[in-house]
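Step one of this worksheet: look at the structure below.
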Amino acid sequence: MTNHSNHPFHLVDQSPWPLIGAIGAMIMLTGLIKWFHQFNNTLMLIGMIIMIMTMIQWWRDITREGTYQGLHTKIVTKGLQWGMILFIISEVFFFISFFWAFFHSSLSPTIEIGSLWPPAGIQPFNPMQIPLLNTAILLASGVTITWSHHSLLHNNFNQTLQALFFTIILGIYFTILQAYEYVEAPFTIADSIYGASFFMATGFHGLHVIIGTTFLITCLLRHMNLHFSSWHHFGFEAAAWYWHFVDVVWLFLYISIYWWGN
């Protein structure tokens with residue numbers, strides 16, 4: 001039970017989710033190694049199921065604390081905002097490592113890849129086709145999520161709902177197009193440093209789009225259940241920040257890997 005206190009901080013209750021989440025992560029990663037060596041992914045799938053169920057129930061508890069129990073005071077929300085900002089900064093450095101590898105290899109291609117960029121035998125994508133369409137899709141989604149946020153700030157329920165729905169559709173459309181691009185790719189992740197850097201950078205970005213879309217779907221369901229108000233909606237705000245981060249990373253990917261690296 002949560003006890004009333006005379007301070008604005010939230011001292012969390014005892015929870016099973018950190019321990020269960022850690023066990024799930026250990027099972028998933030052990031299963032990943034088993035999959036690589038024995039081509040059996042059963043253990044990895046069990047770990048993933050434990051992780052997903054833990055996330056759903058842990059975030060359910062956090063939603064309950066912030067929405068119904070009133071534990072997310074202004075000072076707690078400020079801490080959550082800083083936590084999200086620092087998380088996004090860590091993600092920025094995660095992607096910097098991929099850009100570093102790409103530019104290290106492309107600005108001074110070694111003799112092992114023929115001193116050429118792209119390496120001999122690699123047929124890169126035309127940046128004016130699907131990559132350009134995907135850029136337009138993500139830029140449009142940045143507009144719709146901003147529209148949704150401003151509508152929420154002005155207590156416009158319907159426009160918040162509509163714009164958030166459009167953002168989710170655009171995110172799903174982007175993922176479908178990128179999956180199609182991967183299927184049709186004339187090279188693989190095993191094709192020299194070009195294939196490795198291309199699929200690592202764009203693949204992790206695609207994963208972030210899927211995570212961001214899931215984040216937005218959760219916000220859509222919460223909005224439909226009247227969890228947000230014009231002054232108390234950090235869950236939505238965090239999703240919007242994350243989506244803008246995904247947009248910006250894609251712009252750098254498009255300009256450097258698809259266009260310049262071509």
Side-chain angles (χ1 to χ4, degrees), residues 1-36 40-95 145 152 164 168 171 175 204-229 231-246:
M1 283 295 290
T2 303
N3 297 318
H4 293 288
S5 60
N6 60 354
H7 60 74
F9 301 100
H10 177 206
L11 304 179
V12 295
D13 300 328
Q14 289 184 348
S15 170
W17 309 128
L19 178 60
I20 295 173
I23 292 169
M26 182 182 70
I27 292 171
M28 185 177 73
L29 291 173
T30 306
L32 190 68
I33 295 166
K34 184 182 178 185
W35 182 33
F36 287 168
N40 183 339
N41 62 5
T42 306
L43 189 63
M44 184 190 74
L45 292 175
I46 291 170
M48 285 181 68
I49 291 168
I50 294 170
M51 287 282 289
I52 291 167
M53 291 180 69
T54 301
M55 287 190 290
I56 291 169
Q57 292 171 99
W58 197 346
W59 291 334
R60 175 207 63 191
D61 290 351
I62 294 169
T63 299
R64 184 186 293 146
E65 290 165 359
T67 307
Y68 300 117
Q69 294 178 302
L71 297 173
H72 288 182
T73 59
K74 282 186 177 180
I75 199 161
V76 172
T77 302
K78 184 66 70 178
L80 293 171
Q81 288 172 339
W82 274 110
M84 191 67 193
I85 290 167
L86 291 171
F87 169 68
I88 289 173
I89 290 170
S90 75
E91 292 278 82
V92 168
F93 280 93
F94 176 76
F95 278 100
I145 193 66
L152 181 58
L164 192 50
I168 292 164
T175 302
F204 270 111
H205 176 267
L207 178 65
H208 281 70
V209 171
I210 292 169
I211 293 167
T213 305
T214 307
F215 204 169
L216 293 173
I217 290 169
T218 304
C219 286
L220 182 71
L221 295 173
R222 291 191 64 195
H223 179 63
M224 291 170 69
N225 284 299
L226 304 176
H227 286 188
F228 300 135
S229 67
W231 53 272
H232 193 84
H233 57 266
F234 174 69
F236 181 96
E237 203 170 37
W241 291 354
Y242 189 82
W243 196 253
H244 286 306
F245 157 73
V246 167

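- A 4.5 Å side-chain heavy-atom check between I50 and I23 finds every atom pair outside the cut-off.
- In terms of the side-chain hydrogen bond (donor to acceptor under 3.5 Å, both in side chains) criterion, T54 has no residue partners (sequence neighbours excluded).
- The two atoms that bring F236 and C219 nearest to each other are CA-SG, 3.7 Å, heavy atoms only.
- Here the straight-line distance linking atom NE2 of H232 with atom OG1 of T67 works out to 6.0 Å at 0.5 Å rounding.
- Rounding to the nearest 0.5 Å gives a distance of 7.5 Å between CG of L221 and CD1 of I217.
- Between H223 atom NE2 and L164 atom CG the span is 7.5 Å, to the nearest 0.5 Å.
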When the side chains of residues 83-94 are checked against the rest of the protein, which donor-acceptor pairs come out under 3.5 Å, sequence neighbours left out?
from : atom 1 : to   : atom 2 : distance (Å)
S90  : OG     : F87  : O      : 2.5
E91  : OE2    : H208 : NE2    : 2.4

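- Judged as a side chain to side chain donor-acceptor pair (under 3.5 Å), the pairs with a partner in residues 70-81 (not counting sequence neighbours) are, in order, Q81-E237.
- Applying the 6.0 Å contact sphere to CE of M55 captures more than 12 heavy atoms from other residues, nucleotides or ligands.
- Closest heavy-atom contact between I145 and L216: CD1-CD2, 3.6 Å.
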With a 3.5 Å cut-off and sequence neighbours excluded, list the donor-acceptor pairs that the side chains of residues 42-49 form with protein atoms.
from : atom 1 : to  : atom 2 : distance (Å)
T42  : OG1    : N40 : OD1    : 2.8

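- Here the shortest heavy-atom pairing between W243 and G171 reads CH2-CA, 3.8 Å.
- Taking CD1 of I20 as the reference point, atom CE of M53 lies at 9.5 Å (rounded to 0.5 Å).
- Here side chain to side chain donor-acceptor pair (under 3.5 Å) pairs that include residues 14-25, with residues two or more places apart or in two chains, are W17-D61.
- Between atom CH2 of residue W35 and atom CG of residue L29 there is a gap of 13.0 Å, rounded to the nearest 0.5 Å.
- Here I211 contributes atom CD1 and Y242 contributes atom OH; the two are 4.5 Å apart, rounded to the nearest 0.5 Å.
- Every pair tested for side chain to side chain donor-acceptor pair (under 3.5 Å) that includes a residue from residues 212-221 fails, sequence neighbours excluded, so the list is empty.
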